[in-house]
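Reading through the structure tokens given below for one structure.
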Amino acid sequence: MAVDAARSNEGFTSATATRVMGDACRAAGLDDGGAQLIRLGENALFRLACAPVIVRIARGREWLPTARKEVAVSRWLVGEGFSAARIVEDLEQPLLLDGYPVTFWHQIVEGDRKPSYGELGAALRDLHTLTIPTGLELPRFQPFGKQELRIDRAQIPEDDRSFLRKRWRELQGRYAELRFETVRGPVHGDAHVQNLMVDDRGQVVLIDFEAFCYDHPEWDLMVTAVEHHSLGWQSDEQYADFVSAYGRDLHDWPGYETLRGLQEFGMTTWLMQNIREDERTAAEYRRRIAALRDDAAPRDWRPW
């Protein structure tokens with residue numbers, strides 16, 4: 001555990017992730033030569049050169065149960081015939097190296113187009129109709145699960161930290177007053193269009209099961225609703241396609257403003273974890289934290 005604490009104090013950087021990726025590949029009998037870091041976000045993702053495999057590294061030991069859940073969800077969805085990311089079955093899943101959970105996934109060979117918002121709406125509609133099998137234990141949606149840890153660990157000004165803690169408490173109060181009218185079921189938990197891929201056969205594939213849970217479908221609808229109505233990241237036509245495919249516009253729901261606050265808060269604390277990587281990330285964090293301080297201010301945020 002002392003080693004884990006030391007690793008945590010180092011921070012989860014691209015250099016740390018690269019070292020862990022190399023150790024994980026050696027443990028799994030894979031060659032890490034030529035591996036490419038393709039994303040550093042909530043996790044680090046590496047594409048191997050030796051095989052069509054993606055190595056996914058979580059930020060610390062506390063995410064080991066989440067990694068186990070991701071593996072179980074992938075197996076279930078694939079077994080249901082749902083188009084979803086697949087783990088590499090002949091490797092131990094997950095590994096825990098130096099306090100970092102590691103999983104291995106089949107690389108999805110991308111086609112020549114990006115997924116549409118209509119396809120996202122359809123994928124969520126189909127997902128929400130599935131029945132979770134006996135034995136697959138899923139948590140409830142946790143809008144505050146990572147926030148306190150992010151705020152404590154981030155390399156940010158203390159004034160920002162104080163503000164975020166205050167906003168965190170305010171949002172908890174608003175969340176306690178939410179009243180849902182829908183039944184609970186499988187929820188992706190981070191249902192933005194970047195968590196869909198279109199493979200080289202034209203098939204849409206759902207990825208990233210870290211936030212997968214058993215809860216109300218509104219948690220999946222809030223992402224695109226906020227990106228459109230608050231951030232303006234989709235055209236009216238794109239959002240209309242999403243609503244038409246799914247069959248509901250969350251913006252009409254009385255709880256939308258609370259979910260908007262939760263979504264914008266999560267988007268800001270997610271990004272602030274990587275402000276040490278480069279000035280571009282740090283500048284976007286400053287843009288987002290400034291907007292959070294003024295609920296009426298326009299959100300000129302950039303997609304990340």
Side-chain angles (χ1 to χ4, degrees), residues 1-79 84-110 136-137 145-146 149-150 153-155 189-190 194-195 197 199-200 205-212 270-271 273-278 281 304:
M1 293 299 291
V3 172
D4 289 357
R7 298 302 187 198
S8 177
N9 291 336
E10 290 176 4
F12 190 71
T13 64
S14 53
T16 301
T18 299
R19 173 180 53 77
V20 174
M21 180 274 299
D23 292 344
C25 285
R26 284 185 285 276
L30 295 168
D31 181 4
D32 66 320
Q36 178 185 5
L37 177 64
I38 57 176
R39 185 168 179 81
L40 181 66
E42 199 66 60
N43 302 270
L45 301 180
F46 291 86
R47 180 189 298 115
L48 298 188
C50 70
V53 171
I54 300 295
V55 184
R56 182 181 174 99
I57 302 167
R59 285 180 173 265
R61 179 185 289 270
E62 59 268 31
W63 307 127
L64 181 59
T66 300
R68 289 174 176 148
K69 176 189 70 178
E70 291 176 271
V71 170
V73 167
S74 172
R75 286 174 173 154
W76 166 56
L77 289 177
V78 171
R86 297 181 300 118
I87 63 164
V88 178
E89 287 288 358
D90 56 350
L91 295 178
E92 181 182 355
Q93 302 271 13
L95 295 179
L96 184 67
L97 294 170
D98 288 342
Y100 295 102
V102 182
T103 50
F104 302 86
W105 300 80
H106 287 285
Q107 179 183 339
I108 300 166
V109 180
E110 293 189 76
L136 178 58
E137 298 294 331
K146 303 172 185 175
L149 193 60
R150 290 173 177 175
R153 289 181 176 179
Q155 303 293 317
D190 192 21
Q194 287 80 15
N195 277 334
M197 297 178 69
D199 67 18
D200 56 353
V205 183
L206 185 67
I207 66 172
D208 190 357
F209 310 126
E210 180 177 326
F212 208 96
W270 169 79
L271 185 71
Q273 298 175 109
N274 294 329
I275 60 174
R276 297 174 63 189
E277 285 293 311
D278 53 60
T281 304
W304 217 257

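We count residues from 1, following the sequence as given. Quick note: numbers below take in every heavy atom, side chains included, and nothing from hydrogens, waters or symmetry partners. These figures come from a predicted structure and were not determined experimentally.
Glu210 meets the salt bridge (charged side-chain N to carboxylate O under 4.0 Å, His left out) test with Arg56, Lys146; sequence neighbours excluded. For Glu277, there are no salt bridge (charged side-chain N to carboxylate O under 4.0 Å, His left out) partners two or more places apart in sequence or in a different chain. Residues satisfying the salt bridge (charged side-chain N to carboxylate O under 4.0 Å, His left out) test with Arg75, not counting sequence neighbours, are Glu89. Considering only residues two or more places apart in sequence or on other chains, Glu92 meets the salt bridge (charged side-chain N to carboxylate O under 4.0 Å, His left out) condition with none of them. For Asn274, the side-chain hydrogen bond (donor to acceptor under 3.5 Å, both in side chains) partners are Arg59, not counting sequence neighbours.
When atom types are taken as modelled, the side chain of Glu110 and the backbone of Met197 share no donor-acceptor pair closer than 3.5 angstrom. Formation of a donor-acceptor pair under 3.5 Å by the Ser74 side chain with backbone atoms of Glu70 is not found in this model. In this structure, the side chain of Gln93 engages the main chain of Phe104 through a donor-acceptor pair within 3.5 Å. At least one donor-acceptor pair closer than 3.5 Å links the side chain of Asn195 to the backbone N or O of Asp190.
Contact between Ala67 and Pro101 at its shortest, heavy atoms only, is CB-CB, 4.0 Å. Across every non-hydrogen atom of Val205 and Ala85, the tightest pair is CG1-N, 3.6 Å. When all heavy atoms are compared, the tightest approach of Ile57 to Tyr100 is CG2-CB, 4.0 Å. Closest approach of Ala24 and Leu97 over heavy atoms only: CA-CD1, 3.1 Å. When all heavy atoms of Leu77 and Phe212 are compared, the pair lying nearest together is CD1-CE1, 4.3 Å. Across all their heavy atoms, Trp63 and Ala58 have their closest contact at CB-CB, 3.8 Å.
Remark: Thr103 OG1 to Asn43 CG distance equals 7.5 Å, nearest 0.5 Å. Taken from CD in Glu42 to CD in Gln273, the straight-line distance is 4.5 Å, to the nearest 0.5 Å. Distance check, rounded to the nearest 0.5 Å: CE of Met21 to CZ of Arg26 gives 8.5 Å. Here the CH2 atom belonging to Trp105 is positioned 6.5 Å from the CD1 atom belonging to Ile87, to the nearest 0.5 angstrom. Leu48 CG to Ile54 CD1: the interatomic distance, rounded to the nearest 0.5 Å, is 7.0 Å. Here the straight-line distance linking atom CG of Leu95 with atom CG of Leu64 works out to 10.0 Å at 0.5 Å rounding.
Residue pairs meeting the side chain to side chain donor-acceptor pair (under 3.5 Å) criterion with at least one member in residues 27-40, sequence neighbours excluded, are Gln36-Arg47.
Counting heavy atoms from C-beta outward, Val55 and Leu30 have side chains that stay 4.5 Å or more apart. Here the side chains of Pro94 and Val102 are not in contact, with every heavy-atom distance at 4.5 Å or above. Here the side chains of Trp76 and Phe209 are not in contact, with every heavy-atom distance at 4.5 Å or above.
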Open item on the list: For a side-chain contact (heavy atoms from CB on, under 4.5 Å) check, start with the C-alpha distance between Leu91 and Val53, then their side-chain angles and the critical distance, and finish with the verdict.
Closed with: CA-CA 11 Å; Leu91 295 178; Val53 171; 5.6 Å; no

